[in-house]
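Only one structure is covered here, and it is reproduced in the block below.
Here the structure is a predicted model, which is why all the values come from computation and not from measurement. So that the names make sense, note that chain A is the first sequence line, chain B the second, and so on, each numbered from 1.
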2 protein chains.
Amino acid sequence: MKSPGFRGQGMKAENKHAKIIVAATKVFAKKGFFTARISDIAKEAKVADGTIYLYFNNKYDILLSVFEEEVKKIAENTAQLLSLETDPRRMLEIFIIQHLIAMKKNKNLAEVIQIELRQTNKVIKDYRDNKFSEYTGIIADIIRRGQSLGIYRSDIQPDLAKRALFGALDEVSRVWNASLETHYTVDETANQILSMFLSGIQLNPEN
Amino acid sequence: MKSPGFRGQGMKAENKHAKIIVAATKVFAKKGFFTARISDIAKEAKVADGTIYLYFNNKYDILLSVFEEEVKKIAENTAQLLSLETDPRRMLEIFIIQHLIAMKKNKNLAEVIQIELRQTNKVIKDYRDNKFSEYTGIIADIIRRGQSLGIYRSDIQPDLAKRALFGALDEVSRVWNASLETHYTVDETANQILSMFLSGIQLNPEN
DNA sequence: AAAACATGAATGGCCATTCATTCATGTAAT
DNA sequence: ATTACATGAATGAATGGCCATTCATGTTTT
């Protein structure tokens, strides 16, 4: 006597993987990687503890999957928007806005990125610089393009600038999550940061 | 028959506290807070596991102490140097250089700051925003001063700018630690970041 | 010989991971 | 279409290892 649409045990995999990813993102964000318990994730995903191991090898594998999948999403979305644009100034604006929107919309993701970047990094460090550095690489590319067009100062090191900009964005979103302080809107923030960076990067400042 | 200056067990407390702090900084930096074992710290400090609990309440207390003491050192040192200076542009330069020097010199500290800021934050969140926000507050103060002198754009939000700048510096030093990439010197980096920020913040850009 | 310090083996709790069992669904035989 | 059998997804209690913390004991200092 199950209500229509209900499925008991044994139902086809369907979207358990996805459900676990979503739950894990939430739990990692709330408690941090090390403090999060598998059983927390299982409960959040409405799944048994053991089920998680049908989809992931271990706890770290979950974190990695969350990180890579989510970063991939943002990167693809941003790349898509950027492909329609040619002005490096406008491109930088798009990157900044998209990043902040993504972080604001998905606070959990923001946290996971921060955690993965700092803590775990340590343990596994190397073999996963893929999706993430691909993402920040977008910034460097924009800057290089601007330089070859004579719009951005040629004495700026794109690899340093990408870090400075990413760091700025990351710290701003960290505070959005971590503190109770009132904070500026995405637009205000994006404008301010864009303005700080652009005017410092443009060859011929016009404000 | 100990050589002169040698002291066996039971020697007067002397500097055990300090020794543990130094050891803990090193170990936390290398392994991260959660992965670090008390016995690692004890071994590094050449002290018994139990001894640590004569000086600290628990593992987290060690991290907190490391964080607060080290941040305090930097903050005081920087404040001291800044007190000799009045030009907001030069002041910003000093802050940037001092921060980068401190992080480069003490990679361990850089890591601990990052860890404390992200992971643990989570757990205890509030009651320790003291030393750290005091430190980043220096940036906001410099900017405000520059604004009232008409040197920095008045439309810049000091609290946002401080985060952007701190984030940029933090991300740059994160990469110094985390990656194997060749990276720029402190001076190069400081110049670049200062230049990016200053030209974006100055009312009348002159380069 | 107290008091103060230091030691490190033992304790105890926590939690990732495993695995024996259950059960819905699918297939084959009657 | 009813029964019998097979499959493997899902479960969650039990296992086992790790490690922070404690404390009974030893050592040094006063």
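- Contacts of B:F95 classified as ring-ring contact (aromatic ring centres under 6.0 Å, His included), with partners at least two apart in sequence or in another chain: B:Y135.
- Residues that satisfy the side-chain contact (heavy atoms from CB on, under 4.5 Å) test with B:A24, not counting sequence neighbours, are B:F28, B:I41, B:I62, B:V66.
- In this structure, A:I62 atom CD1 and C:dC15 atom C1' are separated by 13 Å, rounded to whole Å.
- Of all nucleotides listed (D:dA9, C:dA16, D:dG12), C:dA16 comes nearest to the side chain of A:R37.
- The interatomic distance linking A:N15 (CG) with D:dA9 (P) rounds to 15 Å, in whole Å.
- Put simply, CZ on B:F33 is 13 Å from P on D:dC19, counting in whole angstrom units.
- A straight line from CZ of B:F34 to P of D:dC19 spans 14 Å, rounded to a whole angstrom.
- Sorted by first then second residue, the salt bridge (charged side-chain N to carboxylate O under 4.0 Å, His left out) pairs that include residues 37-46 of chain B, not counting sequence neighbours, are B:K26-B:E44, B:K31-B:D40, B:R37-B:D40.
- A:Y55 has a side-chain polar atom (N or O) that falls below the 4.0 Å cut-off from OP1 or OP2 of D:dA10.
- As a whole-Å value, the separation of B:I52 CD1 from D:dC19 C1' is 13 Å.
- Put simply, NZ on B:K43 is 12 Å from P on D:dC19, counting in whole angstrom units.
- The aromatic rings of A:F132 and A:F166 stand perpendicular to each other, their planes meeting at an angle above 60°, with 30° marking the opposite boundary.
- Not counting sequence neighbours, the partners of A:F56 by the ring-ring contact (aromatic ring centres under 6.0 Å, His included) test are A:H17.
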For nucleotides 21-25 of chain D, give me every protein contact, N/O to N/O, under 3.5 Å, one pair per line with atom names.
{"from": "D:dT21", "atom 1": "OP2", "to": "B:Y53", "atom 2": "OH", "distance (Å)": "2.7"}
{"from": "D:dT21", "atom 1": "OP2", "to": "B:K59", "atom 2": "N", "distance (Å)": "2.8"}
{"from": "D:dT21", "atom 1": "O5'", "to": "B:Y53", "atom 2": "OH", "distance (Å)": "3.4"}

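- Listed by first then second residue, pairs satisfying salt bridge (charged side-chain N to carboxylate O under 4.0 Å, His left out) with a partner in residues 76-86 of chain B read B:E85-B:R90, not counting sequence neighbours.
- Going from atom NZ of A:K16 over to atom C1' of D:dT11 covers 11 Å, rounded to whole Å.
- If you measure from atom CG of B:L54 to atom C1' of D:dT27, you get 14 Å, rounded to the nearest angstrom.
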